[in-house]
Amino acid sequence: QELVDAFEARVAADEFIEPKDWMPEAYRKTLVRQISQHAHSEIVGMLPEGNWITRAPSLRRKAILLAKVQDEAGHGLYLYCAAETLGTSREEMIEALHSGKAKYSTIFNYPTLTWADIAAIGWLVDGAAIMNQVPLQRTSYGPYARAMVRVCKEESFHQRQGYEAMTVLAQGTEEQKRMAQDALNRWWWPSLMMFGPPDDKSPNTERSMRWRIKRETNDELRQKFVDITVPQAEFLGLTVPDEDLAWNEEKGGYDFGDIDWEEFYAVVRGEGPVAKERMKARRDAWEQNAWVREAADAHEAKKRAAAAA
Amino acid sequence: QELVDAFEARVAADEFIEPKDWMPEAYRKTLVRQISQHAHSEIVGMLPEGNWITRAPSLRRKAILLAKVQDEAGHGLYLYCAAETLGTSREEMIEALHSGKAKYSTIFNYPTLTWADIAAIGWLVDGAAIMNQVPLQRTSYGPYARAMVRVCKEESFHQRQGYEAMTVLAQGTEEQKRMAQDALNRWWWPSLMMFGPPDDKSPNTERSMRWRIKRETNDELRQKFVDITVPQAEFLGLTVPDEDLAWNEEKGGYDFGDIDWEEFYAVVRGEGPVAKERMKARRDAWEQNAWVREAADAHEAKKRAAAAA
Amino acid sequence: DAETIAYYLMLGDDALILGQRLSEWCGHAPSVEVDLSLANMGLDLIGQATNYLNGAAGAMDGDKDADALAFKRDVLDFRNCLMVEQPNGDFAQTMARQFLFSTWQHMLLQRLTQSKDGHLAAIAAKSVKEVAYHRELATDWVVRLGDGTEESTRRMTEGLDWNWRFIPELFDVDETLQKVINQGIAVDPREFEDEYRSALAEALAQAKLAVPDDQRPILGGRKGHHSEHLGHLLAVMQYLPRTYPDAEW
Amino acid sequence: DAETIAYYLMLGDDALILGQRLSEWCGHAPSVEVDLSLANMGLDLIGQATNYLNGAAGAMDGDKDADALAFKRDVLDFRNCLMVEQPNGDFAQTMARQFLFSTWQHMLLQRLTQSKDGHLAAIAAKSVKEVAYHRELATDWVVRLGDGTEESTRRMTEGLDWNWRFIPELFDVDETLQKVINQGIAVDPREFEDEYRSALAEALAQAKLAVPDDQRPILGGRKGHHSEHLGHLLAVMQYLPRTYPDAEW
C-alpha cells in the first residue's frame with residue numbers, strides 16, 4: 001500500500017511513470033489495453049483509407065493519402081513499442097486483436113463508400129481522435145505521453161488536410177456536394193460514438209482520471225468536438241444530420257440529439273457494418289504472410305550462426 | 001495387316017469409324033492428341049474473353065459474350081467426351097495440359113488488350129477456327145465428326161457476331177476505329193499461324209489426310225482464310241498489316257508476306273506473350289478448386305452408400 | 001411514379017450486380033460443367049436486369065435506357081441489396097450467396113407474376129423458371145458441399161456465415177417499398193419470410209449443417225448505402241462507357 | 001519534340017504504374033514495418049511520376065497536366081514497361097519485381113543526372129537517392145527470402161521466374177528512344193546492361209539462388225501493347241476522373 005500511495009502521489013504531482021518504475025497491476029493492465037487498442041486502431045484504420053488509395057482522384061490526393069497511411073503505420077509502431085515497455089509483446093497484442101479479444105476504434109467498422117468519405121474521415125475522425133489524444137500528451141505514463149506528442153502533431157496535419165479536401169468537395173459540382181453531404185450524414189454519429197459510452201456508463205473513468213490515463217471525460221470531449229465541428233460544417237454549407245442540434249446560450253455549447261447506444265455496443269461487440277471485412281483483411285494479411293516473417297527470422301538466424309562461426 | 005487394310009479401305013470409302021471398331025494405334029493416338037488439343041483450346045479460349053465479360057460495354061454485348069463462353073464450355077465438353085471414347089480420361093487430358101505436354105491453339109497466348117480484341121477474336125479467330133473445322137465434320141472418326149457438326153454451327157454464329165461487333169467499331173468514333181485497326185494489327189499474323197506450320201514442315205499431313213483426320217492441308221486452309229478475310233477488312237475500311245499482300249490474278253487468290261515461324265514455334269513451346277498467365281489461370285482453377293470436386297465425389301459416395309443400405 | 005421506378009431499379013440492380021459477380025468466375029470454375037452453369041446463370045440475370053432497367057428507364061424523364069442506368073450511375077444510386085455485391089470468395093461462398101438469394105428471388109417472382117403492373121408481371125413470368133433453376137442448382141451445391149468432405153463443410157459453413165447477416169435486408173420494407181406494395185405493384189416480402197426460413201432450414205438439414213445464428217442485420221443497399229465492394233465492381237463494369245462516353249458499341 | 005515527350009511518358013508511366021501497384025498492398029503487408037516501407041516507396045514513385053508527367057504535359061499542345069495524362073489516357077497510350085504492370089502476386093513476387101526494376105531504374109537515373117535536358121537531369125538528381133533506397137530494400141528482401149526457409153526460397157524463385165522475361169524490354173532501344181539518346185537527352189540502357197546483369201548475379205548469389213535461364217523476351221509496353229493486367233489497373237485508378245469529368249478534387 002505504501003508503494004501504491006507513493007505511485008499515486010507521483011501521478012498526482014504530474015510526474016511521468018517510466019517502464020522500470022513500480023506501478024499497480026491494474027494501471028499496467030489498463031494502459032496495455034488502452035495503448036494496444038490505440039495501436040490496433042491505427043493499423044485497422046489503414047484499411048478504409050487503403051480502399052481509396054488506388055482510386056484517389058488526382059496524383060496529389062494519392063500522394064497525400066499514401067503519406068497519411070504511412071504516418072498511421074508509424075503511429076501504430078510507436079504505440080506498439082510503448083505498449084511493449086509494459087511487458088506485452090507485439091505478437092500477443094496482435095493475437096488478441098485477431099481473436100476479437102482486443103478492440104479497436106468502432107469507427108473503422110464503417111465502410112468508405114465514396115471519395116468524400118476519405119475527406120470526412122480526415123475532418124471528423126481525425127478531428128475526434130485529436131480531441132481524445134491531445135490531453136494524452138500529458139498522460140502519466142512517459143513512453144505513451146511521448147508517443148502521443150508525435151502522433152498529435154501528425155494527426156492535426158491530417159485533420160487539416162481532410163477539412164481542406166472536404167472544402168473542395170463542398171464547393172465543387174452538384175455531385176460532389178451530394179457526396180460530401182452523404183458522407184457527413186453517415187460519419188457524424190459514428191464520430192460522436194468515438195468518445196466512448198456516456199460518463200454514467202463508463203465505470204472506470206474516475207480511476208483513469210485519477211491515474212492521468214484519461215484527462216477529460218467522454219462526455220466533456222464529445223461536447224468539445226460538437227462545439228468545434230458544427231460551425232465547420234456550417235462554414236462548408238453542409239447540414240449536420242441531427243434535428244435536435246441547437247445552440248444553448250446558457251451552457252455556451254450545442255445541445256445535440258440522442259446517440260444510438262445500442263448501435264455503439266453492437267459495433268463494440270464486433271457487429272459493425274464491415275467488421276467482418278476488417279478482421280478478415282487483418283487476419284489474412286497476418287496469416288497468409290506468416291511465411292515472410294518466418295523467412296526473415298530464419299535468414300537472421302543463419303546470419304548470426306555464420307557470424308558466430 | 002489385314003486389319004489395317006480393311007480399316008484404310010473403310011476410311012477411304014468415307015465410312016465412319018466408331019469407338020468399338022478396330023483402329024491402328026497411331027490413328028487412335030493422333031486423334032486423342034488432336035481432339036484433346038481442340039478441347040483444351042475451347043477451355044483456354046474462355047480466358048481471353050472472360051477478361052472482357054466484366055468490362056463489356058453494354059448489357060447486350062455482355063450477354064452475347066456470356067453466351068459465347070457458355071458455348072465454348074459446351075464445345076469443350078463434347079470434345080472431351082469424344083476423346084474419352086478413345087480410352088483416355090478427362091483427368092488424364094487435363095493433367096497433360098497442365099504439365100505442358102498437351103498443347104492448345106497458339107492464338108490464346110496473345111492478350112486481349114482492348115474491347116476491339118473481342119470483336120477481332122470473333123471475326124478472325126473464330127473465322128480461322130471454322131475454316132479448320134468445317135472439313136472435320138466429315139472426318140473419319142464418328143464421335144468427332146458429330147461433335148464438329150454442332151461446334152461448327154455455333155462457331156459460325158460467333159464469327160458473324162464478331163464481324164458485326166467489328167463493324168460497329170470501324171464505323172464508330174475515331175478512338176474506336178483506332179482500337180479496331182490496332183486489334184487487326186495484333187491479331188492478323190497470329191490468326192494466320194492458327195493453321196499450323198507450312199505443309200513442307202508438317203510431316204504427318206499426308207497420313208492424316210489419308211486417314212481423313214485432316215481433309216485439307218495447312219497452306220490450303222490458310223490461303224482460303226486470307227482470300228475470304230482480306231475483302232472483309234477492306235469492307236470495314238481497315239488495313240491488313242502486310243505490305244506484301246497483293247491480289248494474284250493467276251492463282252485467283254492473294255499473295256501474302258512471310259509468317260514469322262520463329263515466333264510460331266516459340267509460342268508452341270509455351271513462350272507466348274501471356275502463356276504463363278493462361279497456364280497459371282487453368283492450373284489455379286483446377287488445383288484451388290480440387291476440394292470442390294473431392295466434396296462432390298464424397299457426397300456422391302455417401303448417397304450411394306445410403307441407397308445401398 | 002418514383003416508387004415504382006425505385007422498385008424496378010431494386011429488382012434490376014439485384015440481377016445486374018449478381019450477374020456481374022457470377023461472370024467474374026468465367027474460366028476459373030472447379031470444372032467445365034460448373035463454368036457452364038455459372039455463365040448460364042450470369043446470362044439469365046443480365047437478361048433479367050436488362051428488362052427491369054429498361055422498364056425503369058422508360059418510366060423516367062429523358063431518353064435513358066438500361067445501358068445508361070447500368071453504366072452511368074455511381075454507387076450511391078444503386079439500389080441492389082448488399083448480399084449480391086458481396087465478393088465471390090471461394091466456390092462455397094459463391095454458392096451460399098446464390099442459395100440465399102435465389103431462394104428469396106424465386107419466392108418473390110412467383111408472387112410478382114400477379115403484380116398489377118402488367119410489365120412487371122410479364123418479366124416475372126419469364127424469369128421465374130430461370131430462377132427456379134438457379135435455386136435448385138445452388139441448393140444442390142449447398143447440400144453437396146455441406147455434406148461432402150470436412151474441408152467443404154468448413155468452407156460452406158464460412159460461406160453461409162459471411163452472407164447470413166444480409167438476409168434481413170431482403171425482408172426489410174421501407175416507406176418507398178410499402179407504397180408500391182399498397183398499390184399491388186410490389187410483393188410484400190414479409191409474406192413469405194416464414195416460408196423462406198423453412199426452405200433454408202430444410203436445405204441445411206439436408207446438408208447436415210446447423211442453421212447459423214442470426215447476426216445483426218446489415219441494411220443500407222436499398223437507399224444506396226453499400227459495402228466497399230460495390231465501388232470496385234462498378235469501376236470495372238463501367239470502365240468502357242465511362243472512358244468513351246460518346247461511343248456506341 | 002515528340003520523342004522527348006515519349007521519353008518523359010515512358011519514365012513517368014513506369015513510376016506511376018509501379019507506384020499504383022505498390023499502393024494496392026496498403027494494410028495487407030506481412031508486418032507494419034513492411035506496410036510502411038511499401039507505402040513509402042509508392043509515395044516516392046507517385047511523386048516522380050508527377051514530375052515526369054508534368055514535364056511531358058508541359059511540352060504538349062493544349063493545357064494538359066500530369067493528372068490529365070495519368071487519368072485520361074487509355075491503355076494503348078501508356079508507355080510503361082510490362083514489368084511494372086505485372087500483378088503483385090505474393091510478397092516474393094512483389095519484391096522480385098521491385099528488385100529487377102529498381103536496380104535498372106537506379107542505374108538509369110545515375111546516368112540521367114547528366115542529361116542535356118536540364119529538367120530531366122533535375123528530376124533524376126532528386127529521385128536517384130529515393131530509388132537507391134528502393135533498390136537496397138528490394139535486394140535485401142530478395143536475399144532474405146531467397147536464403148530463408150524452403151517455402152520462401154520456392155516463392156522467391158517463382159517470383160523471379162514470373163518477372164524475368166520482362167528484363168529484355170528494359171534494354172530494348174527502338175527508333176524513338178534512339179533519337180533522344182542521340183540528342184544526349186536519354187540514357188542508352190545498353191551502356192549498363194552488363195553492369196545490371198552483374199548486379200543481379202551478385203544479389204542472387206548472396207540469396208543462394210540460381211540465375212534464372214533467359215526466357216523469350218516479351219516486348220510491347222513502350223508502344224502501348226501491354227499485358228491484360230494494365231487495363232484492370234487503369235479501370236480502378238481512373239475511376240473517379242472518368243466518372244466525374246468536370247470535377248476538381
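Below, chain A is the first sequence line, B the second, and so on; all start at residue 1. Hydrogens, waters and symmetry mates play no part in the numbers below; they use all other heavy atoms, side chains included. Because the structure is predicted, anything quoted here is derived from the model rather than measured.
Counting only heavy atoms from C-beta outward, the side chains of T243(D) and W115(A) never approach each other to under 4.5 Å.
Residue contact with chain A, scored on non-hydrogen atoms closer than 4.5 Å, involves the backbone and the side chain of V143(D) alike. Proximity to chain D (any heavy atom under 4.5 Å) is shown, for A63(A), by both the backbone and the side chain. Contact of E248(D) with chain A is made through the backbone alone, with heavy-atom distances under 4.5 Å. Interface remark: R242(D) contributes no atoms to any contact with chain A (heavy atom separation under 4.5 Å). Heavy atoms of R293(A) lying under 4.5 Å from chain D belong exclusively to its side chain. Of the two parts of F71(D), only the side chain, counted from C-beta on, holds a non-hydrogen atom closer than 4.5 Å to a non-hydrogen atom of chain A.
Of the possible donor and acceptor atoms, none in the side chain of K62(A) sits under 3.5 Å from a partner among the backbone N and O of I46(D). With hydrogens and angles ignored, the 3.5 Å screen pairs a side-chain donor or acceptor of Q20(D) with a backbone N or O of T54(A). Proximity of a side-chain donor or acceptor of R282(A) to a complementary backbone N or O of G27(D) within less than 3.5 Å is detected. Not a single donor-acceptor pair under 3.5 Å links the side chain of Q70(A) to the backbone N or O of L38(D). Formation of a donor-acceptor pair under 3.5 Å by the R61(A) side chain with backbone atoms of W249(D) is found in this model.
Of all residues spanning residues 228-237 of chain D, those with a heavy atom less than 4.5 Å away from chain A's heavy atoms are V236(D), M237(D), arranged by number. Contacts with chain A (heavy atom to heavy atom, under 4.5 Å) involve these residues of residues 54-70 of chain D, listed by number: A66(D), D67(D), A70(D).
Taking chain A as the reference chain and counting heavy-atom pairs below 4.5 Å, the highest number among D246(D), D147(D), T149(D) is found for D147(D). Residue with the most contacts toward chain D among Q171(A), E42(A), K303(A), E175(A): E175(A) (heavy-atom pairs, distance under 4.5 Å). Each of S23(D), A49(D), G146(D) has some count of heavy-atom pairs under 4.5 Å with chain A, and the biggest count is that of S23(D).
For the pairing with V292(A), the side-chain contact (heavy atoms from CB on, under 4.5 Å) check across P30(D), S152(D), S31(D) returns one residue only, P30(D).
Checked for salt-bridge contact, R90(A) and E33(D) meet the test: a charged N lies under 4.0 Å from a carboxylate O.
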